Amino acid sequence: MQLANNYATLPPRFFARIDPSALSAPRLLKLNDGLARDLGLDPDWLAGPEGVAMLAGSAFPAGVTPIATAYAGHQFGQFVPVLGDGRALLLGDGVDVHGRPYEIQLKGSGPTPFSRRGDGRAALGPVLREYLVSEAMAALGVPTTRTLAAVATGETVARDTLKPGAVLARVASSHIRVGSFQYFAARKDEEGLRALADFAIVRHYPDLVGQQDRYLAFFDAVVSAQAALIARWMSLGFIHGVMNTDNMTVSGETIDYGPCAFLDEYNPSKVFSSIDRGGRYAYANQPHIAMWNLARLAETLMPLIDADPQAAVNRLEPVLMAFRERYEQAADVLMHRKLGLETDEPDDRRLISDWLDLLQAASADFTWSFRRLADPEPDFPELDGFAAWRARWQARLASEGCAPPDARVKMRRVNPAVIPRNHRIEAVIEAAEKGDFGPFEALLAAVTAPFADNPDYERPPLVAERVRATFCGT
Ligand code: AMP
Ligand code: MG
C-alpha cells in the first residue's frame, strides 16, 4: 500500500506528523467496496489485517505517512485561532479511476497535537450517522465527502455515558476549509496563505493555474461552488447543523456530518442541533451563513489580491455579493424541477411559496409531500387549500404542454422517496450499540437508492417518533 501525501509537501507549519495509536483488536464494521474500487484501491487488502489496522489508525504500512492539518475557524461566530485535526488524520492522497484527486482521512483515530482537551476519539453512533448521511448525499447527487469504511476500535469512549469507539475513513477531494485560510491570515503569514491558495487552485480549480487574477478567480469559483451546494441542501431539506468556517470546504463538498438532519415537517426556522441555541444554523439561515463564511474567506485573501486593503476589498466585494444571485438562481432551478417545471414564468415564485406555505401550515413532511405531489391521488394529511393550489400548478404544467403522468416521471427523478430520516438513524445506532448491524445495513441499502419506491423506508415519522434534537457526539 502506497499513498502520496501531497499536503505534506507544504511547509512544516501546515501540519504535524502523526504516529499510529495502537489498538489491540480493531474490527472492520463496513467497507464501501464500490468506492474502494473507484479509488483504485484493493477492497480485499483493505478488509485484511493490514488494511483494517490502517483504517483504524492502529498501524500504518510503509509508504503511508499520515499528518494532522492545522486550521482555525469561527465557531458559532467566535474566532478560534487554532483548531486543526484534533481527532482526524490525513492518511494520504491519490487519483481515482476517473482521474480525480482524492484524500483519505481517518476520524476518531486518536489524539494529535491539535486535540486540546479532546480524546481524539469518536463514538460508534456519530460514525454510523456520518456513514449513512454522506453516502445518502452522494446518492442524491450532492457534492460531499464519502465514506470508505467504519472500523470498531474495541475500546470505549467516555461521552454522556461510555460508548463503543469507532473510526470513520472518509474521502474528499481535499479537506481544505475556509478555516485553513483563516489559520494563516490570523498569523499574518502571507507566504503560507499564498502556498495554501496555490495548492487549492492546483487541486480544485486547475484551469486557474498561472492565470494573472487567479486568487480572485479562485474566490469566485468557491463562491459559485458553495452557492450550488447550499441550493442542493435546501432543495432536499438538509440541515448541516454546524456551519462553522472550519466545516466549510473550498471544494464545495459537504463536510463534517455532526448534528445534521433532514427536515421532517416543513418549517424554515427548524434547528435540530442541541448546541445551536440561537438558531444560527437553522434551515432557512444556511444561505446567509454560507455568505457570512465566504466573507471570512474573502478577508483572508485580501493580501493576495492587492497590497492596498481598500483596493482588495473593492475587487472581492462584488464577487462575494454575487453569491446571493447565484444561490437564488440555483435554488430556483431546483425548485422548478421539483415541481416538474422546465420553463420560468414570473408567477412561479408565488406558486412555489404558496406550496411551501401550505406545507408549513399543515406541518406536512417536506420529502414525502414533494414525492407524493405528482401521484394521481396524492396521499397527504389534510392540506387546507391544496385542491385550489393543485389546480393552479396543473394549469402551469399544462402551459408547458406537460401532462401529469409526464410530470410524475420527471419529478420522481428529483424528489427522493428515501432520505436518512432521523428516527431511523437513531434506531440503527441503538441496535448497533447492542451489536446488531442488520438495521444499519438495511438503512444504508435504502438511502443509497433514494429515488426508488420503498414503502418500508419512505414513510415520515409519526409525531411521537419525530426526533427533536441531535447531538454533536464528539
Ligand atoms: P467539529 O465540531 O467536529 O467540526 O470539531 C471542531 C474541532 O474540535 C476540530 O478541531 C476537531 O478536531 C476538534 N474535536 C472534536 N472532537 C474532538 C475529540 N473528541 N478530540 C479531539 N478533538 C476534537
Ligand atoms: Mg469540523
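Note that the structure is a prediction, hence the values are computed from the model and not measured. Indexing begins at 1, ligand by ligand and atom by atom, following the structure's order. One is the number of the first residue; the rest follow in order along the sequence.
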Next item on the list: Ignoring hydrogens, just give me the one of Ala70, Gly84, Gly258 whose non-hydrogen atom is nearest atom 9 (C) of ligand 1.
Entry: Gly84
Next item on the list: Validate the cation-pi geometry between Arg17 and Phe15: distance from NZ or CZ to the six-membered ring centre under 6.0 Å, angle to the ring axis within 45°.
Entry: no
Check: Looking at ligand 1, does any of its N/O atoms fall within less than 3.5 Å of an N/O of Phe114?
Finding: no
Next item on the list: Could you tell me which atoms of ligand 1, counted from 1 in the order shown, lie closer than 4.0 angstrom to a heavy atom of Arg159?
Entry: 19 (N)
Checklist line | Validation row: Glu130, Thr145 side chains within 4.5 angstrom (heavy atoms) | finding: yes
Checklist line | Distance filter under 4.0 Å to Tyr71 heavy atoms, resulting ligand 1 atoms | finding: 9 (C), 10 (O)
Margin query: Just verifying a value: how many Å separate Leu31 CG and Leu148 CG, rounded to the nearest 0.5 Å?
Written below: 5.5 Å
Notebook entry, point to check: Ring centroid separation for Phe366 and Phe370, is it under 6.0 angstrom?
Noted result: yes
Notebook entry, point to check: Below 4.0 angstrom, N of the basic side chain to O of the carboxylate: do Asp198 and Arg214 qualify?
Noted result: yes
Note to self: Using ring centroids (six-membered ring only for Trp), state whether Phe14 and Phe199 fall under 6.0 Å.
What the structure shows: no
Distance-only criterion, 3.5 Å: show the donor-acceptor pairs between side-chain atoms of residues 67-84 and protein atoms not counting sequence neighbours.
from	atom 1	to	atom 2	distance (Å)
Thr69	OG1	Asp85	OD2	2.8
Tyr71	OH	Gly84	O	3.3
His74	ND1	Gln182	NE2	2.8

Notebook entry, point to check: Would you find more than 12 non-hydrogen atoms of other residues, nucleotides or ligands less than 6.0 Å from Gln211 atom CD?
Noted result: yes
Notebook entry, point to check: What atoms in ligand 1 come closer than 4.0 Å to a heavy atom of Gly120?
Noted result: 18 (C), 19 (N), 20 (N), 21 (C)
Next item on the list: Check each heavy atom of Asn247 against ligand 1 and say whether those closer than 4.0 Å belong to the side chain, the backbone, both or neither.
Entry: side chain
Notebook entry, point to check: Which ligand 1 atoms, with their elements, are less than 4.0 angstrom from a heavy-atom of Asp85?
Noted result: 12 (O)
Item checked: N/O separation below 3.5 Å, Val242 to ligand 1 -> no
Checklist line | Atoms in ligand 1 flagged as close to Asp256, the criterion being non-hydrogen separation under 4.0 Å | finding: 4 (O)
Next item on the list: Count, excluding waters, the protein N, O or S atoms that are closer to the Mg ion (ligand 2) than 2.8 Å.
Entry: 2
Next item on the list: With heavy atoms under 4.0 Å as the rule, classify the contact between Leu83 and ligand 1 as side chain, backbone, both or neither.
Entry: both
Note to self: Once you measure the plane-to-plane angle for His240 and Phe238, does it fall in the parallel (<30°), tilted (30-60°) or perpendicular (>60°) bin?
What the structure shows: perpendicular
Item checked: pair His288-Met291: side-chain heavy atoms closer than 4.5 Å -> no
Margin query: Which option wins on minimum heavy-atom distance to atom 8 (O) of ligand 1: Arg87, Gln75, Arg116?
Written below: Arg116
Margin query: Are there over 12 heavy-atom neighbours, none belonging to Arg324, within less than 6.0 Å of that residue's CZ?
Written below: no
Check: Looking at the rings of Phe181 and Phe218, which for Trp means the six-membered one, are their centres under 6.0 Å apart?
Finding: yes
Check: Is it the side chain, the backbone, both or neither of Lys107 that has a heavy atom closer than 4.0 Å to ligand 1?
Finding: neither
